[in-house]
Each structure stands twice: as structure tokens, then as C-alpha cells.
Amino acid sequence: MNKNFYVTTPIFYPTGVPHIGTAYNVFIADTLARYYRQKLGKENTFFLTGTDEHGANIAKAAEAQGKTPQEYVDEYAAKYQEVWQGVNLSHDYFIRTTDPRHEKFAQELIQKSFDNGDIYEGSYEGLYCESCEAYYTEADLVDGKCPNHPTKTPVFTKEKNYYFKLSKYQDFLLNLYAERPDFVQPAKWAAYVRGLVEAGLQDIPVTRANVKWGVPVPFDPEQTIYVWYDALPNYLSTLTFPEFQGYEEKFWPVANHVVGKDIIKFHAILWPAMLKSAGYEVPQHVLVHGFFTINGQKIGKSNNNAIDPRDLAAKYGNDVVRYALLSEFQVGNDGDFNIDRLKVKYEELANSWGNLLARVVHLANNKEVEISNTANVEPEFLTKLEDLAAKYTQHIEVKELFEALQTVGQITEWANKYIDEQKPWEKDKSPEDVALALNNLSVLLAKVNELYAPFLPESAAKATEALQKREKIILFPKIEDEAK
RNA sequence: CGCGGGGUAGAGCAGAGGCAGCUCGUCAGGCUCAUAACCUGAAGGUCGCACGUUCGAGUCGUGCCCCCGCAACCA
């Protein structure tokens with residue numbers, strides 16, 4: 001069992017602001033981070049997110065707004081941080097790839113691979129559109145014109161750049177997957193990745209000749225480092241920053257990368273190969289999540305459903321937005337989401353957990369019995385509770401967040417049945433029986449609060465406080481539907 | 001022959017060889033401590049279609065149908 005835990009989100013490309021889909025990814029990471037902080041201690045857990053700030057698309061977006069690239073990324077990095085703070089994200093650091101310390105690290109990393117002979121000079125050729133600063137294939141063109149610039153004709157261009165010998169690492173990767181079947185989680189994505197690697201790997205270009213907004217290639221300053229050799233190293237570069245002294249030893253390679261299914265190849269194939277090439281250990285796990293649609297539509301500006309997670313949180317609370325997403329689909333699966341589902345989830349919590357808390361506290365106060373006495377819990381009751389808690393732990397440790405939440409649901413369901421059987425409100429119940437039942441339930445609630453804490457941090461804190469103070473609160477108040 | 005994901009009760013989702021399951025919704029009861037909450041029971045499915053393997057198939061094999069990604073804003 002590892003003593004330390006390191007979790008990362010991808011670093012996001014700031015061409016827009018975070019929406020509910022982006023938030024899903026960071027919620028998964030945040031939940032894991034909170035779980036491990038609880039388990040291993042704050043100082044033994046590290047949670048990293050950030051922004052990927054180089055590249056032609058950033059330069060273009062900046063120009064379109066009449067800004068320098070630096071001004072542009074400063075602004076968007078700030079927006080990201082604002083949103084994450086707004087949803088109570090608990091990241092320990094926000095890395096930006098324009099941080100000079102990161103740039104230096106990226107240069108050192110690519111230099112190491114170059115020195116090892118894993119990077120060689122080659123050329124890239126294709127139909128180049130000057131306005132897009134991008135290459136197209138014949139099939140991409142519309143009537144011979146650029147698909148994005150109907151007046152421009154992409155011209156055949158050949159540019160020098162450098163390639164990484166990814167093909168060389170096929171056996172290394174297949175061995176890695178064989179030795180560590182859970183390197184990619186969940187299993188169905190591991191199978192997918194293995195299939196891709198078995199099918200064969202091609203070397204990939206890792207520098208660009210025509211992109212100025214990027215990190216210069218140390219062995220050829222005419223070139224800049226292309227996206228992956230700049231972005232992926234953030235997971236490691238941050239750990240080398242002076243304020244994180246000792247972190248590299250502590251948190252590498254116990255890294256867990258939470259990624260969407262679209263960038264699985266880069267994290268599960270390219271990144272381990274890059275690391276191996278440069279003499280580093282590969283990370284512990286790559287956790288792949290699926291995408292969800294909103295009312296059946298893909299999330300995006302054109303569908304006008306790129307919801308700011310803070311808008312939902314304003315009404316339902318941060319906790320419930322996270323809970324709704326994490327309890328709706330298994331990690332790795334796609335799904336659909338909408339406001340009605342969110343409401344259902346909210347009521348689910350209010351009626352099980354919230355209501356249970358209110359019942360127990362209220363009864364305990366009315367009957368004036370002692371609660372929260374762990375020593376007095378009925379042994380059978382305690383055993384059952386511990387069994388369910390253990391089941392939760394098993395799930396969450398293999399990142400089955402959906403299943404872990406279901407297990408907590410089982411506990412509250414059981415508790416509601418138990419309280420109905422015991423009927424501690426009846427007048428002819430012996431005071432001893434009432435005290436025993438309510439004490440059992442209070443200990444159960446304390447456990448539920450603990451298990452929910454990584455998923456619903458704000459609510460769990462409130463519930464814990466209320467239970468301790470024996471104060472009756474409404475954890476999830478009824479939400480009035482706005483008048484139509 | 002492009003690649004991949006998916007098609008299980010009205011809705012949303014689990015299950016991956018051995019009597020079809022969960023949440024919500026519906027109907028009928030119960031309870032009254034509690035946030036009109038909670039508990040019990042019922043109705044509702046030929047598990048996309050067909051063929052095959054098997055004592056036995058949502059679950060394995062083959063063929064087919066349908067939906068969704070793989071081009072763009074976009075995780």
C-alpha cells in the first residue's frame with residue numbers, strides 16, 4: 001500500500017471557459033484527492049490541475065481579441081482558477097505551462113530523449129493553410145479550399161521537424177500492460193489501449209517549425225516543442241518547483257492521471273514511452289472517464305449547453321452537482337445528463353441522508369438519550385456497518401466511485417428500515433432500547449458523513465457538526481421551483 | 001468490409017453463463033420520529049433482431065438492424 005497519493009487532471013487548453021463537462025473530470029480527481037487526504041493525511045496527498053498555454057491556436061485566439069498571447073493566457077488561466085475556486089475544488093497547485101520553470105523542465109525532458117537517440121530529424125509535409133497554421137489532407141479540403149477559410153487554397157508544404165521514436169517502445173508498453181493490468185482503469189479502456197499498441201505504433205512529430213508561441217527546442221532553437229512534449233511533462237515539472245522540495249521523491253511515480261477518453265492515447269501510450277526514454281518511472285494509473293451529453297446533445301457552444309458549473313451550484317450547491325454526476329454513471333462510461341436528473345439526485349440525498357440525520361437528532365433530543373457513543377453500539381449492528389464501509393473502501397480504492405456511492409446509499413437505506421423497525425418514538429418502548437437504537441444510528445450517521453465527505457465535502461462537514469452538537473438541521477432544503 | 005462505444009421495466013442506469021436488478025415514476029397499503037419525508041406490497045421486461053454453442057445465454061460465437069462519437073466550437 002502506498003503511503004502517498006498524487007492525482008492530476010489534464011491541463012486544459014484555455015480557448016474557452018470551463019463547463020460542466022470539464023468539471024466532471026476535475027470532480028473525479030477532487031473526490032479521490034479528498035478521500036486520500038482523509039486516509040493518508042493532507043501532507044501525503046497532492047492534487048494538481050492547470051492550463052496548457054502554448055500553441056498556434058492560442059496565438060490565433062489572442063490575435064483575434066487584439067491581445068498578446070501572454071495577456072490572453074493570463075486572463076484565461078485566471079478564469080479557470082476562478083471557476084475552480086467557485087466549485088470548491090481542493091487542488092494543491094495550479095500549473096501553467098508558461099511558467100518558466102515548467103518551460104525549462106520541458107526542455108530538459110526533450111533534451112534527455114534527444115541525447116538518448118530517441119528524437120530524430122525528419123520532415124512533415126502536407127497541405128498547409130497559412131491562416132489556420134495547420135496541415136490538412138486532401139480529404140479535409142472543401143473544393144480544394146481550406147475547410148475553415150473558403151477563400152484560401154492550402155499549399156503543399158514541407159517543413160523540418162523532429163520525431164519521437166514511439167515505435168521503439170511497443171514492447172516496453174505491452175510489457176507494462178501485462179505486468180500491471182490496472183495501469184489503465186477501468187478494465188475496458190485497458191483492453192482498448194492494449195489493442196492500439198498491438199496494432200503497431202508510429203513515430204510522431206514533437207516539434208513545429210512555424211509555431212512561434214511555444215517553448216524553443218533546446219537542440220534547435222528555430223523550432224518549438226509541439227503540444228505533447230510541452231503539456232504532459234507538467235505532471236512532473238511541478239514536483240520539481242522549489243516550493244515543493246522533496247515532492248518528486250514523494251509523489252513520483254505514485255501518480256494517477258484522470259483523463260477523458262479522447263486523450264487516453266497520449267496518457268497511456270505516449271507519456272509512459274516519453275518517461276521511459278528520459279529515464280523516469282511511469283505513473284501508477286491512468287483513469288479514463290467517458291463523456292456525457294446534455295439532453296442528448298453534445299456539450300458545446302453551438303448547442304448552447306456549455307453550462308458553467310457555478311450556475312448549477314448556485315441553486316443546488318456544489319456538492320449536489322458533483323454527486324449528481326458521479327452517482328449517475330460509472331467512471332469510464334458515457335451517459336446523458338440534464339436538470340431533471342440533477343433534481344432527482346438532490347431529492348435522493350435529501351430523503352435518505354438529510355432526512356435520516358434530522359430524524360435521529362430530533363429523536364435523540366426528544367428522548368434525551370446519549371448518542372455518538374462508539375463503545376455502546378450493538379456488536380451485530382457494528383459488524384454490518386463495518387462490512388458495508390469496507391465494501392465502500394474496496395470500490396473507491398479501485399476508483400469505482402459510482403459503486404462506492406451506491407454502497408453509502410445501501411447504508412442509509414438500511415438505517416431508514418432499521419429506525420422503522422425499532423420505532424424509538426413509541427411511548428411503550430423501554431428507555432434502554434430507545435437509547436441503544438438511537439446510539440446505533442448516530443454512529444452509523446457519523447460513518448455515513450465520513451464516507452460521503454470526499455464526494456460531498458460541504459454537506460458532510462455540516463452534517464458532522466450538527467450530529468456532534470445535536471442540532472437539528474435541514475441538510476438539503478426543499479428547492480422551490482421557479483414560477484413559470 | 002474503416003475504428004470504437006452503446007441498444008436491459010415509463011425514465012435513468014447496474015449486471016456479463018445458473019431462478020432478470022437498482023433509483024425515480026405509477027398503483028395499493030402502513031407509519032407519523034422526520035425535509036408531504038420514511039416503511040411494506042403490487043403492476044410493469046420475449047434483456048435490439050435472428051441463428052448457433054451449452055444441461056442452462058442479457059451474459060459466449062456468427063450474421064443483421066438501429067443510435068452515438070471518430071471534421072469543427074468542444075472533455
Side-chain angles (χ1 to χ4, degrees), chain A residues 9-10 12-13 15-28 57 61 132 134 136-137 139-142 147-148 187-189 191-192 195-196 199 258-265 288-294 296-306 324 327-330 332-338 340-367 400 402-403 405-406 409-410 412-427 429 434 437-438 441 472-479:
Chain A
T9 74
F12 299 102
Y13 204 59
T15 49
V17 289
H19 54 67
I20 188 73
T22 329
Y24 175 54
N25 173 286
V26 303
F27 287 154
I28 293 171
N57 288 328
C132 296
Y136 291 99
T137 64
D140 293 329
L141 303 186
V142 179
N148 294 325
K188 74 170 187 181
W189 287 109
Y192 168 78
L196 286 177
V258 180
V259 303
K261 62 179 184 176
D262 56 333
I263 51 175
I264 181 171
K265 286 189 230 177
V288 182
H289 66 76
F291 291 158
F292 57 88
T293 50
I294 292 184
Q297 289 189 310
K298 226 182 151 183
I299 300 174
K301 287 173 193 163
S302 59
N303 287 331
N304 198 27
N305 61 0
S327 67
E328 184 71 349
F329 359 88
Q330 290 175 314
N333 284 3
D334 290 346
D336 185 57
F337 192 73
N338 55 56
D340 287 338
R341 298 300 305 162
L342 182 61
K343 285 183 187 161
V344 165
K345 294 295 180 179
Y346 185 91
E347 282 163 20
E348 193 175 296
L349 284 170
N351 298 345
S352 56
W353 186 25
N355 186 45
L356 183 68
L357 177 71
R359 296 176 90 175
V360 171
V361 171
H362 184 81
L363 277 165
N365 288 342
N366 263 5
K367 300 288 178 180
E400 292 173 351
F402 174 92
E403 291 82 351
L405 280 174
Q406 279 194 332
Q410 283 172 21
T412 54
E413 188 189 350
W414 161 45
N416 270 319
K417 284 188 169 95
Y418 178 81
I419 198 169
D420 263 56
E421 283 161 14
Q422 297 298 318
K423 305 190 198 322
W425 54 84
E426 284 191 346
K427 294 215 163 58
K429 279 275 165 191
V434 169
L438 290 176
L441 285 162
K472 192 188 161 190
I473 59 164
I474 303 297
L475 200 50
F476 300 101
K478 271 273 170 228
I479 289 178

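In what follows, every chain begins at residue 1, and chains take the letters A, B, ... in the order their sequences are listed.
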Can I get a per-line list of side-chain donor-acceptor pairs under 3.5 Å for residues 353-363 of chain A, giving both atom names and the distance, sequence neighbours left out?
unit_1: A/Trp353; atom_1: NE1; unit_2: A/Asn449; atom_2: OD1; d: 2.9
unit_1: A/Arg359; atom_1: NH1; unit_2: A/Asn416; atom_2: OD1; d: 2.8
unit_1: A/Arg359; atom_1: NH2; unit_2: A/Asp420; atom_2: OD1; d: 3.0

Item to check | Sugar-phosphate, base or nothing in reach of A/Glu400, heavy atoms under 4.0 Å | outcome: nothing

Next on the checklist: For RNA chain B, report each stem as range with range, ordered by first number, or say none. Use Watson-Crick or G-U wobble pairs under 3.5 Å, at least 3 in a row.
Outcome noted: B:2-7 with B:65-70, B:10-13 with B:21-24, B:26-30 with B:38-42, B:48-52 with B:60-64

Checklist entry - Can you tell me how far P of B/A36 sits from CD1 of A/Ile479, to the nearest Å? => result 14 Å

Checklist entry - Starting at CG of A/Asn338 and ending at C1' of B/G12, how long is that distance when rounded to a whole Å? => result 9 Å

Item to check | Side chain to side chain, A/Trp189 and A/Val259, heavy atoms closer than 4.5 Å | outcome: no

Next on the checklist: From C-beta outward on A/Asn333, which listed nucleotide comes closest to its side chain: B/A75, B/G12, B/A14?
Outcome noted: B/A14

Checklist entry - If you measure from the C1' atom in B/A14 to the same atom in B/A75, how many Å do you get, rounded? => result 24 Å

Checklist entry - How would you list, by chain and number, every residue that makes a side-chain contact (heavy atoms from CB on, under 4.5 Å) with A/Gln422, sequence neighbours excluded? => result A/Tyr418, A/Pro424, A/Ala437

Next on the checklist: When the C1' atoms of B/C33 and B/C68 are compared, how many Å lie between them, rounded to an integer?
Outcome noted: 49 Å

Checklist entry - Expressed as a whole number of Å, how far does the C1' atom of B/U35 sit from that of B/C74? => result 39 Å

Checklist outcome for this item: Residues passing the side-chain contact (heavy atoms from CB on, under 4.5 Å) test with A/Phe402, sequence neighbours excluded, are A/Gln330, A/Gln406

Checklist entry - Expressed as a whole number of Å, how far does the P atom of B/U40 sit from that of B/C24? => result 11 Å

Next on the checklist: Using whole Å, what does the distance between atom C1' of nucleotide B/G4 and atom CG of A/Asp262 come to?
Outcome noted: 14 Å

Checklist entry - If we take the C1' atom in both B/U8 and B/U59, what is their distance in whole Å? => result 11 Å

Checklist outcome for this item: With sequence neighbours left out, the residues meeting ring-ring contact (aromatic ring centres under 6.0 Å, His included) with A/Phe291 are none

Checklist entry - What's the spacing between A/Glu348 CD and A/Leu342 CG if we round to 0.5 Å? => result 11.5 Å

Checklist entry - If you measure from the P atom in B/C39 to the same atom in B/G44, how many Å do you get, rounded? => result 23 Å

Checklist entry - Of all residues at least two apart in sequence or in a different chain, which pass the salt bridge (charged side-chain N to carboxylate O under 4.0 Å, His left out) check with A/Glu328? => result A/Arg341, A/Lys345

Checklist entry - If you measure from CZ on A/Phe292 to CG on A/Asn338, what distance do you get to the nearest 0.5 Å? => result 11.0 Å

Item to check | Separation of atom OH in A/Tyr13 from atom C1' in B/C74, rounded to whole Å | outcome: 14 Å

Next on the checklist: I need a per-nucleotide contact map over nucleotides 29-35 of chain B, read 5' to 3'. Cutoff is protein heavy atoms under 4.0 Å; write B for the base, S for backbone only, - otherwise.
Outcome noted: -BSSBBB

Item to check | All side-chain contact (heavy atoms from CB on, under 4.5 Å) counterparts of A/Leu196, not counting sequence neighbours | outcome: A/Tyr192, A/Lys265, A/Ile269

Checklist entry - In chain order, what residues pass the salt bridge (charged side-chain N to carboxylate O under 4.0 Å, His left out) check against A/Lys423, with sequence neighbours excluded? => result none

Checklist outcome for this item: A/Glu347 atom CD is separated from B/A36 atom P, nearest whole Å, by 11 Å

Under-3.5 Å N/O pairs linking protein and nucleotides 68-70 of chain B:
unit_1: B/C70; atom_1: OP1; unit_2: A/Lys298; atom_2: NZ; d: 3.2

Checklist entry - Where does B/G4 land, syn or anti, once you apply the within-90°-of-0 test for syn? => result anti

Checklist entry - Roughly how many Å is it from CD in A/Glu348 to P in B/C13, rounded to a whole number? => result 14 Å

Checklist entry - Counting any heavy atom closer than 4.0 Å, what does A/Glu421 reach on the DNA or RNA strands: base, sugar-phosphate only, or nothing? => result nothing

Checklist entry - Residues two or more places apart in sequence or in another chain: which of them pass side-chain contact (heavy atoms from CB on, under 4.5 Å) with A/Ala350? => result A/Phe476

Item to check | Atom P, compared across B/G61 and B/G21: separation rounded to whole Å | outcome: 25 Å

Checklist entry - Checking all strands, does A/Asp336 fall into the base, sugar-phosphate, or nothing category for heavy-atom contacts under 4.0 angstrom? => result sugar-phosphate

Next on the checklist: Between B/A42 and B/G4, how far apart are the two C1' atoms, rounded to whole Å?
Outcome noted: 42 Å

Checklist entry - So what does A/Gly335 hit on the nucleic acid, given a heavy-atom distance under 4.0 Å: a base, only sugar-phosphate, or nothing? => result sugar-phosphate

Checklist entry - Expressed in angstrom and rounded to an integer, what is the separation of A/Phe337 atom CZ from B/A75 atom P? => result 18 Å

Next on the checklist: So, does A/Gln406 get its side chain near the phosphate of B/C13, meaning an N or O under 4.0 Å from OP1 or OP2?
Outcome noted: no

Item to check | Whole angstrom value for the distance that separates P of B/C3 from NZ of A/Lys265 | outcome: 14 Å

Item to check | Under 4.0 angstrom between A/Lys417 side-chain N/O and B/U40 OP1 or OP2 | outcome: yes

Checklist entry - Which residues satisfy the side chain to side chain donor-acceptor pair (under 3.5 Å) test with A/Lys188, sequence neighbours excluded? => result A/Asn333

Item to check | Short N-O contact, A/Lys417 and A/Glu413, less than 4.0 angstrom | outcome: yes

